[in-house]
Amino acid sequence: MPAEERPRSTGRRTSGRADEAAIAFDSLYRSSRDDVYAYVAGLLRDRSAAEEVTAAAFERAFRRRRRFDPRRGSPRAWLFGVARNAALDELRRRSRQAELVREPADAAAVEPSDETEASLRRATLATALQGLLPRERELIALKFFAGLSNTEIAAVIGVSESNAGTRLHRVIAKLREACDETA
Amino acid sequence: MRPRDEQQVAEVEPQVERELAAVDQALAGRPVDPELESLVELARELRAKRPEPREEFAAELDARCGERFSSSDGGRASAARLRAWLGGLRPAQLLAPAGALATLTIVVSVAVVQTGGERSGTPEPEAPTIAAQEAQEPAGVNGDAADVAAPMTEDDESAATEDPASGRATSPGDSATALPVPPPLPPRDRLAPGQEQRRVERHASLELSADSDEFVDVADRVVEVSDRYRGIVVSSQQTATDEQSRATFELAIPSASLPAALADLSELANVESRSEGSLDITGPTVSAREQRDDAQAEVRSLRRQLADADSPAQTRRIRDRLDAAREELARARAQVRRLDRRARFANVFVTVTADASGDGEWGISEALDDARALLSTAAGVVLIAGAATLPIAILIAALWLIRRTTVRRGREQALGRDDPAQP
C-alpha cells in the first residue's frame, strides 16, 4: 500500500484487529468517497446538503463499522445503505423546499439558442431527469452516478436483484422514451 | 394475469436482462451490440451528469476521516458523537447496564425497607400500660393469695356500684335507704345470654436455638421483645454447662399483640419448636361475674337489714352474716379480676438453647450452612433482578422496534413525499 494511503498513526499501540479494521475503512472511504457524494447529490439535488449528508454518512459509517455483517452484503453496499438512510433523513427533515437550485453546470447550462443535436439531447435528458420520481431518481443515482452493480443496488434499497433490475430498466425505458419523443 | 400477458412478460425478461447487461458493459467501457447503441449513448450521457465533489470539500472530508471524525466544535460535536454512539449501540448492550441498575435499585430498596421495618418496630399494642395495670391490680398477673383474700373494708362497702373498667368500688351513692337499683353494668359485663363476648385465654411456647456466641444477645432480645409489646417478664432463668447454655422465660404478653410478638421472637434465632393454644373462659367469666353481682347484692341487702335491726342480738346476727357476705364478695371480685387478666394477657414460654461445643469454631458444616445461605440469597436477588429487568427489557425492545419501524417508514415516505409530480 502506498505511503500516502496508509492511515495516519495515532502514536498509540492498537490491536491487530483494530488496525485491520481501520485500514479496511480507509480503503472503503477512498474507493467510495466520490461515488457516495454523487449518489447523495443526485438524490437530494442540492450540493450543499449533499456535502453535509456525505460527511455525516461517512462519520456514521465509521462509528458503526463494527456492526457491519459481511453475510448481509458487501462493505460498499453497506456503506451506501448508511448513506441512503442519511439522505432520507435529510429529506424527512427538510420542508418542501425548492428543488435543486442548479443542476451540474455541464448539463443545465444549455442555452436555448444552442441547437446542436447533442445539446438538445442533453437538455431533453435534463428535463426528463427533473421529471423523475424520487425513487426513480435514486435508482439512476445508484447506477450511473455511484456505479453500483444491480446486486449492490438491490442490497441498498432492500429488494431482490431481479426486482431491482426490473425497476432500473423501467426508469431507463422512461428516459429513453422521453429522449426519443423529443428527437 | 391473462395468458397472453404472461407470454409477453416471458418475452420481455430476456430483453430486460440483455439491456441491463448492455448498460453495465457501456459503463465499463466495453463494446456493446450495435443494436443497443441508443441505450449505450443514454448510459454515457447519464454517467456524464454525475455530480463531482468540490476539491475543498473533498480535502476537508479527507482530513476529518484521518482524524477519525473527531471535531473541535465543542458541545455540538459532543452531542453528535453521543448520538452516533447511542445509535451504534446494539440493544443487547443496553440490557447489561439496565439490568445492573435494576438490580442495584432492588437491593437498595430491600435494604431500606428492612431497615425501616426494624427501626419502626411493630404496631403499638392495644393493651393498657403495665403501670396502669399494676395500679389496678394489687399483685401478680394471674392472681395469688394476696389477691384472693383481700377483705372488704368500710370504704369498699360504702360503694353502691363498681368501676366498670377495673371492677373496683367507685365513689358511693346514697343507696342506704333508696330502692335497690342494679348497678350499671360495664360494657364488658354485658354478658346476657346469647350476647356473650368470648373471653379466650391464649398461651404459646417457643424453643429457639442459637449459636453459642449469640446466646446472650438472643436472650437479651427476648426481653426486648416483651418490653416492646408492653409485656411482663414473669420469670426468667439461665443456666450454662460445658455442653449447653439454656435460658427460659415466662412472659405475659397482651393477647392482642401475641401474633406480632411471636413473629418477632421467631426471628431472633432458629425456631426449633413453636406451639400455640387457647382456652375459652367465657363461661367461667360469666359465672364469676354473676357470683360477684350476687354477693354485692347480698351485702347491700344485709346493710339495709342492719340499719333496720331492732335489737342488739339481731344486729349481731346481721353483722356476722354481713362479714361472711363481704368475704364472699371479695373472693368473687378477685376471681373476676383473675379471669379478666387471663384473657388480656397470654402466657408465653420461651426457651433459648445454645450448644457450647461449637463455641468459636467454624468448620465444614458451618461453611456449608453459610454457603447455602449465601447461594440462596444470591439466587433470590438474581430472580428478583430478572423479574424486574425482564419487563424493562421487553419495554426497551418494543420501543426500539417501534422507533426502528417508524424511522424506516418515514424514510421510505420521504422518497414518496418529495415528488413534484405527485398529487
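Protein chains get the first letters and strands the later ones, always in sequence-line order, with residue 1 at the start of each. Given the structure is predicted, the values throughout are model-derived calculations rather than measurements.
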Could you look at [X] and say if it's the side chain, the backbone, both or neither that has a heavy atom under 4.5 Å from chain B?
X	result
Y29(A)	side chain
A146(A)	backbone
R170(A)	neither
I157(A)	neither
N150(A)	side chain

Counting only non-hydrogen atoms closer than 4.5 Å, does [X] touch chain A with its backbone (N, CA, C, O), its side chain (CB onward), both, or neither?
X	value
E19(B)	side chain
V23(B)	side chain
A43(B)	both
L27(B)	side chain

Any side-chain heavy-atom pair from R65(A) and F62(A) closer than 4.5 angstrom?
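When only atoms from C-beta onward are counted, F62(A) and R65(A) do touch, with a gap below 4.5 Å.
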
Count the heavy atoms of every other residue, nucleotide or ligand shown that sit under 6.0 Å from CD of E56(B), and state whether that count exceeds 12.
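More than 12 within 6.0 Å, yes.
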
Tell me, yes or no, whether the heavy-atom count around I364(B) atom CD1, taken from other residues, nucleotides or ligands under 6.0 Å, exceeds 12.
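Open: at most 12 neighbouring heavy atoms sit under 6.0 Å from CD1 of I364(B).
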
Are Y37(A) and R47(A) close enough that a side-chain donor and a side-chain acceptor fall under 3.5 Å?
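The criterion, which ignores hydrogens and geometry beyond distance, is satisfied for R47(A) and Y37(A).
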
When you check the side-chain N and O atoms of S266(B) and D264(B), is any donor under 3.5 Å from an acceptor?
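Not at all, the side chains of S266(B) and D264(B) share no donor-acceptor pair under 3.5 Å.
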
Within 45° cone of F57(B) ring axis and under 6.0 Å: R54(B) NZ or CZ:
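No, cation not above the ring by the 6.0 Å, 45° rule.
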
Give a yes or no on whether a salt bridge exists between D33(B) and R18(B), defined as a side-chain N under 4.0 angstrom from a carboxylate O.
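The answer is yes: the pair qualifies as a salt bridge.
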
